[in-house]
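Working notes, structure below.
Just so you know, ligand 1 is whichever comes first in the structure, and atom 1 is the first atom listed for that ligand.
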Amino acid sequence: MQSILRQQIAFRCPSCATATIGFIGRLHSVSDMLRLKCECGEYALEIKGEKDGRVSLNLPCVFCKDTHTFTISGELFSRDIPTMLPCPHSHHDILFIANENDMPALLERSAGELSLVLSSFEADELSDIQPMEVDDAEAMPDPAIYDVLNFVMRDLEADGKVVCPCKKGPYELRFTDFGAEAVCSSCGASYKFYAMSGASAESYLEADKIELT
Ligand SMILES: [Zn+2]
Ligand SMILES: [Zn+2]
Ligand SMILES: [Zn+2]
């Protein structure tokens, strides 16, 4: 008998560092709002479906104690491969979307990462590594994501597999809140890469064509 794997979403609480896991279910209607609260009651992840099919997240961050806001493609919730979102300041993954089979391994890896960060700072307490203030202007995109997507673009371009209405190019890659966007310098057509972590960027290595619209 085959059972269908359910999609889960998880984050780690900035106060107690515990991972809280929820089932995603359906986020189809506009007003759907999911609130996933840590057992300690201090922090909660908020997920809200938007009109355009995207999903906005208010995500507490265990690394900087800030709440990060992301807007991601709703498609990320129904993909087969696990998706992680990194903290824009520390670049460590802080949100995990995966099916119930894959989730334990992701959280185990994140726990290892967290304890590594703690030990590298010789900090026993989470509060020791969380800066009091984080300047948003210093948030840097993950260079790994850029490298991968840049490679994808150049590789496909070399094979004539980047398709643009004007067929001219050249194409630029720029960072956005959902990952990156390839933009044609001649006509302004664009293609969105939904890639918030190195792993999700790598899934584009399998793309055989990029069509700008
Ligand atoms: Zn907690
Ligand atoms: Zn953060
Ligand atoms: Zn163009």
Side-chain angles (χ1 to χ4, degrees), residues 9-22 34-47 56-72 83-97 107 110-111 113-118 120-121 123-145 153-154 156-158 160-175 177-193 196-198 209-213:
I9 189 163
F11 77 105
R12 212 171 267 287
C13 174
S15 179
C16 67
T18 307
T20 302
I21 307 169
L34 204 114
R35 206 154 186 277
L36 191 60
K37 203 167 188 176
C38 176
E39 265 189 3
C40 79
E42 291 275 329
Y43 286 90
L45 165 68
E46 288 176 358
I47 308 164
S56 65
L57 304 168
N58 281 329
L59 174 58
C61 175
V62 68
F63 290 98
C64 56
K65 217 164 187 168
D66 210 349
T67 295
H68 303 307
T69 304
F70 291 97
T71 305
I72 60 174
T83 303
M84 281 85 72
L85 296 185
C87 161
H89 307 293
S90 72
H91 301 315
H92 294 293
D93 291 324
I94 50 172
L95 183 87
F96 310 87
I97 302 168
L107 292 180
S110 116
E113 213 169 62
L114 183 62
S115 65
L116 212 67
V117 170
L118 286 171
S120 72
F121 280 86
D124 298 324
E125 296 287 336
L126 211 50
S127 55
D128 290 349
I129 60 160
Q130 290 162 338
M132 294 306 286
E133 275 173 57
V134 182
D135 185 359
D136 267 324
E138 286 174 15
M140 289 289 292
D142 187 347
I145 294 175
M153 279 298 291
R154 299 303 155 231
L156 291 175
E157 210 177 341
K161 287 176 177 159
V162 176
V163 184
C164 180
C166 78
K167 299 185 177 67
K168 284 189 208 133
Y171 309 105
E172 290 170 6
L173 201 57
R174 66 168 178 236
F175 279 99
D177 56 357
F178 51 79
E181 200 170 27
V183 182
C184 173
S185 310
S186 301
C187 71
S190 66
Y191 178 89
K192 292 179 170 63
F193 291 96
M196 297 299 297
S197 68
K209 189 176 160 190
I210 297 288
E211 200 165 349
L212 283 70
T213 53

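With the Zn ion (ligand 3) as the vertex, SG of Cys187 and SG of Cys164 span 100° to the nearest 10°. Geometry about the Zn ion (ligand 2) gives an angle of 110° between NE2 of His68 and SG of Cys61, rounded in steps of 10 degrees. Angle SG(Cys13) to the Zn ion (ligand 1) to SG(Cys38): 110° [nearest 10 degrees].
With no hydrogens or angles considered, no side-chain donor-acceptor pair links Arg12 and Thr18 at under 3.5 Å.
Within the 4.5 Å cutoff, the side chain of Leu45 has no heavy atoms near those of the Asn58 side chain. Counting heavy atoms from C-beta on, the side chains of Phe96 and Leu107 come closer than 4.5 Å. Between Phe11 and Pro60 there is a side-chain heavy-atom pair separated by less than 4.5 Å. The shortest side-chain heavy-atom distance between Ser110 and Asp93 does not fall under the 4.5 Å cut-off.
At a threshold of 2.8 Å, the Zn ion (ligand 2) has no backbone or side-chain N, O or S atom of His89 nearer than that distance. Residue contacts to the Zn ion (ligand 2): His92 brings no N, O or S atom closer than 2.8 Å.
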